[in-house]
Amino acid sequence: MYVLYIRRGSELTIVEELRQKNITAYCPRQIKAERRRGNWQYVERIIFTGYVFIDVPELTAKLWHVIMKCSGAIRFVSLCSLPDNEDGYIRQLCNDGNCIDVSRGYVSDGVLHITDGFMTNLDHEIVKFNRRGRRASADVTLYGEKHRIVFSVEFDDPPALP
């Protein structure tokens, strides 16, 4: 998988343009809980703004030219594919092109435990959470560079002890 740096705001357009050219591309998206005028609303947001992930076995010169002709494409982050350890969780974030839904969890002894949803895969990567803001942050890396991703979490009461 390769990472393409693009003009912000054109992520979904480029993904669709590449799919029409039979190139598999992803723009990881998630459902986020946002508070507006005192009410919680769920909206779809792009996880990595300004980036599109291209799923090809090898980046040839011909393929490079086809991809760079897309409106909004700027450059590849690297001409090397993602390392295997990063490729795995980026594929999980891409979620086969589907939007990631809100996870569920509870706090016990100051630790967030995810019980349902996508973040069960990143449970060990959670670096902080905000119960009031319905958020949890996890660190991931792209080409060795850390990126912090903020996910929405619905907080439940901790299970009763027997």
Side-chain angles (χ1 to χ4, degrees), residues 1-16 18-19 24-55 72-78 80-162:
M1 187 171 289
Y2 295 85
V3 184
L4 179 66
Y5 183 64
I6 61 162
R7 188 177 62 236
R8 287 180 182 234
S10 59
E11 294 89 352
L12 296 175
T13 306
I14 288 179
V15 167
E16 186 57 37
L18 289 170
R19 285 187 181 159
T24 306
Y26 299 107
C27 173
R29 298 166 291 128
Q30 68 173 321
I31 301 293
K32 277 192 138 176
E34 294 182 356
R35 193 172 177 120
R36 293 185 184 159
R37 296 184 184 154
N39 297 318
W40 286 98
Q41 297 177 353
Y42 294 94
V43 294
E44 187 177 301
R45 296 283 182 225
I46 294 172
I47 296 174
F48 294 104
T49 56
Y51 296 94
V52 167
F53 297 88
I54 313 284
D55 191 8
I74 297 174
R75 64 179 165 81
F76 279 90
V77 173
S78 174
C80 299
S81 63
L82 279 172
D84 290 339
N85 62 333
E86 295 176 1
D87 186 84
Y89 62 77
I90 293 298
R91 286 184 189 282
Q92 289 178 340
L93 285 171
C94 292
N95 199 21
D96 291 327
N98 299 317
C99 201
I100 296 172
D101 208 1
V102 178
S103 298
R104 298 193 74 78
Y106 65 92
V107 177
S108 175
D109 296 327
V111 177
L112 175 60
H113 302 277
I114 302 296
T115 56
D116 185 38
F118 177 79
M119 285 203 65
T120 54
N121 301 329
L122 294 173
D123 199 10
H124 60 285
E125 297 290 336
I126 296 173
V127 291
K128 68 179 187 174
F129 62 91
N130 178 346
R131 193 177 173 130
R132 184 170 179 251
R134 299 183 184 182
R135 301 266 193 263
S137 300
D139 283 341
V140 298
T141 57
L142 282 176
Y143 294 110
E145 184 179 326
K146 276 191 176 184
H147 292 271
R148 183 156 289 172
I149 303 174
V150 181
F151 294 95
S152 286
V153 177
E154 292 292 331
F155 289 88
D156 298 323
D157 293 329
L161 296 174

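For clarity, every value in this text was computed on a predicted model and none was experimentally measured. We use all heavy atoms of the structure for the numbers below, so side chains are in, but hydrogens, waters and symmetry mates are not.
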Which atoms form the tightest heavy-atom contact between [X] and [Y], and what is the distance?
X	Y	answer
R7	S10	O-OG, 2.6 Å
V153	A136	CG2-CB, 3.7 Å
F118	S103	N-OG, 3.3 Å
R134	A33	CD-CB, 4.4 Å
C27	V15	CB-CG2, 3.7 Å
E11	Y51	CG-O, 4.0 Å

Residues I47, L93; criterion side chain to side chain contact (heavy atoms under 4.5 Å, CB included); working and verdict: CA-CA 9 Å; I47 296 174; L93 285 171; 4.1 Å; yes
Can you list the residues that meet the side-chain contact (heavy atoms from CB on, under 4.5 Å) rule with [X], with sequence neighbours excluded?
X	answer
R36	E34, Q41, V43, R45
T120	I114
S81	Y2
N98	N95, D96

Pairwise side-chain contact, L112 with M119, heavy-atom cut-off 4.5 Å (strictly under): no
Any side-chain heavy-atom pair of L142 and V77 under 4.5 Å: no
Donor-acceptor pair, side chain of R19 and main chain of A25, under 3.5 angstrom: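 Checked: pair present.
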G97 backbone acceptor or donor facing R29 side chain under 3.5 Å: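 Yes.
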Excluding sequence neighbours, so at least two apart, what forms side-chain hydrogen bond (donor to acceptor under 3.5 Å, both in side chains) with [X]?
X	result
R104	D156
S152	R135
D55	R91
T141	E86, Y89

Between [atom1] of [X] and [atom2] of [Y], what distance do you get to the nearest 0.5 Å?
X	Y	atom1	atom2	value
R8	T49	CZ	OG1	3.5 Å
I14	L4	CD1	CG	6.0 Å
D101	E44	CG	CD	10.5 Å
I149	D139	CD1	CG	8.5 Å

Going by the rule ring pair (Phe, Tyr, Trp, His ring centres under 6.0 Å), which residues pair with [X] if we only count those two or more places apart in sequence or in a different chain?
X	value
Y26	none
F129	none
F53	F48

Residue pairs passing the salt bridge (Lys or Arg N to Asp or Glu O under 4.0 Å) test where at least one lies in residues 109-120, sequence neighbours excluded: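 Salt bridge (Lys or Arg N to Asp or Glu O under 4.0 Å) check on residues 109-120 returns no pairs.
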CG/N85: more than 12 non-hydrogen atoms of other groups inside 6.0 Å: yes
Heavy atoms of other groups near Y143 OH, more than 12 under 6.0 Å: yes
S137 side chain to R148 side chain, donor-acceptor N/O pair below 3.5 angstrom: no
